[in-house]
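Below is one structure, written out as structure tokens, with a few remarks after it.
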Amino acid sequence: MTALLHTALATDSLVVAGKPYSSRLLTGTGKFADLEQTRLATDAAGAQIVTVAIRRTNIGQNPGEPNLLDVLPPDRYTILPNTAGCYTADDAVRTCRLARELLDGHNLVKLEVLGDQKTLYPDVVQTLAAAETLVKDGFDVMVYTSDDPILAKRLEEIGCVAVMPLAAPIGSGLGIQNRYNLLEIVENAKVPIIVDAGVGTASDAAIAMELGCDGVLMNTAIAGAKDPVLMAHAMKLAVEAGRAAFKAGRIPRKRFASASSPIDGIIG
Ligand SMILES: CC(=O)[C@@H](O)[C@H](O)COP(=O)(O)O
């Protein structure tokens, strides 16, 4: 790698709540076969921020049971407690406060308030209400939301530290359903935009990054793959490739051909 390239990539950090991260791939910790697979896949993904469903994962609430933090220690990873399974603002706020107690005053949370069990789409009214309460309560809120540009802006204005629009429904693996909405969200944002949910394979992650998203969060695409560790590695490469392509600036799409070896200007 040339020195110039090395510098360009080394200085390109994702900054969340004032903290820089060299990895732009955030991973979930659910759905793995066991804690060892979680550890190996997280490592292969190169993830530095890992999200944990506080209502479903033991991070100390159940002493004597296997503890996720034994394989993903908080001195190595930024633990991002999430409110998966919450369907009301009150429930989500309560869950974040529990996480803060369990993690000794840790303020960074991923807020998700779901609308129903079939779609797992966010309930945006409850999400806005919870975000407002949590920001006032001193939390650094990364917020899962729909791919609605107006709502994304509103969540940023409330004070969320990152906005996380879905690519497609959680666990669907459908990939990015509305790239123009994501583009609009990215172009208007002053906080990191991290695609969260619905990624199916590496090309989905690369497209999100090529659109200018600041990062991608995923769980099912890795944990549900035949070989989760290999898929985690693929996702790492895809996020890095997509980011580099975004920074490099793609060529414009043209309707007609233009020769790769132009003859204009050749003498004789
Ligand atoms: C892990 C997590 O926080 C999920 O809520 C997230 O939305 C992931 O979705 P996928 O499983 O579709 O990647």
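Atoms considered below: every heavy atom in the structure, side chains included; atoms not considered: hydrogens, waters and symmetry mates. Both counts, for ligands and for their atoms, begin at 1 and track the order of listing.
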Measuring only between side-chain heavy atoms, which start at C-beta, is [X] closer than 4.5 Å to [Y]?
X	Y	answer
Asn181	Pro149	yes
Cys213	Val186	yes
Val161	Met142	yes

Counting non-hydrogen protein atoms only, what is the nearest one to [atom]? Give residue, atom name and distance.
atom	value
atom 9 (O) of ligand 1	Ala197 CA, 3.3 Å
atom 7 (O) of ligand 1	Asp196 OD1, 2.9 Å
atom 11 (O) of ligand 1	Thr220 OG1, 2.4 Å
atom 2 (C) of ligand 1	Lys110 NZ, 3.5 Å

Within 6.0 Å of [atom1] in [X], more than 12 heavy atoms from elsewhere:
X	atom1	answer
Glu36	CD	yes
His106	NE2	yes
Arg100	CZ	yes

Atom indices of ligand 1, in the order listed, that fall short of 4.0 Å to a heavy atom of [X]:
X	result
Met218	13 (O)
Asn82	3 (O)
Thr51	1 (C), 3 (O)

**Asked** Are side-chain N/O atoms of Thr42 and Tyr77 paired as donor and acceptor at under 3.5 Å?
**Response**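 No, because no side-chain N or O of Thr42 sits under 3.5 Å from a partner of the opposite role on Tyr77.
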
**Asked** Would you say Gly30 contacts ligand 1, with heavy atoms under 4.0 Å as the rule?
**Response**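 Gly30 does not count as a contact of ligand 1 under the 4.0 Å cut-off.
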
**Prompt:** Is it true that Gly171 lies under 4.0 Å from ligand 1, counting heavy atoms only?
**Reply:**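 It does; at least one heavy atom falls under 4.0 Å.
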
Close N or O approach ([X], ligand 1; < 3.5 Å):
X	value
Glu112	yes
Asn219	yes
Ser172	no
Gly198	yes

**Asked** To the nearest 0.5 Å, what is the distance between CG (Leu111) and CD (Gln126)?
**Response**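 Reported to 0.5 Å precision, the distance equals 10.5 Å.
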
**Request:** Answer side chain, backbone, both or neither: which part of Ile170 comes under 4.0 Å from ligand 1, heavy atoms only.
**Result:**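 Within the 4.0 Å criterion, Ile170 contacts ligand 1 through backbone and side-chain atoms alike.
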
**Prompt:** So, does Asp214 use its side chain to make a donor-acceptor pair with the main chain of Ile193 at under 3.5 Å?
**Reply:**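 Side chain of Asp214 to backbone of Ile193, a donor-acceptor pair under 3.5 Å: yes, one is there.
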
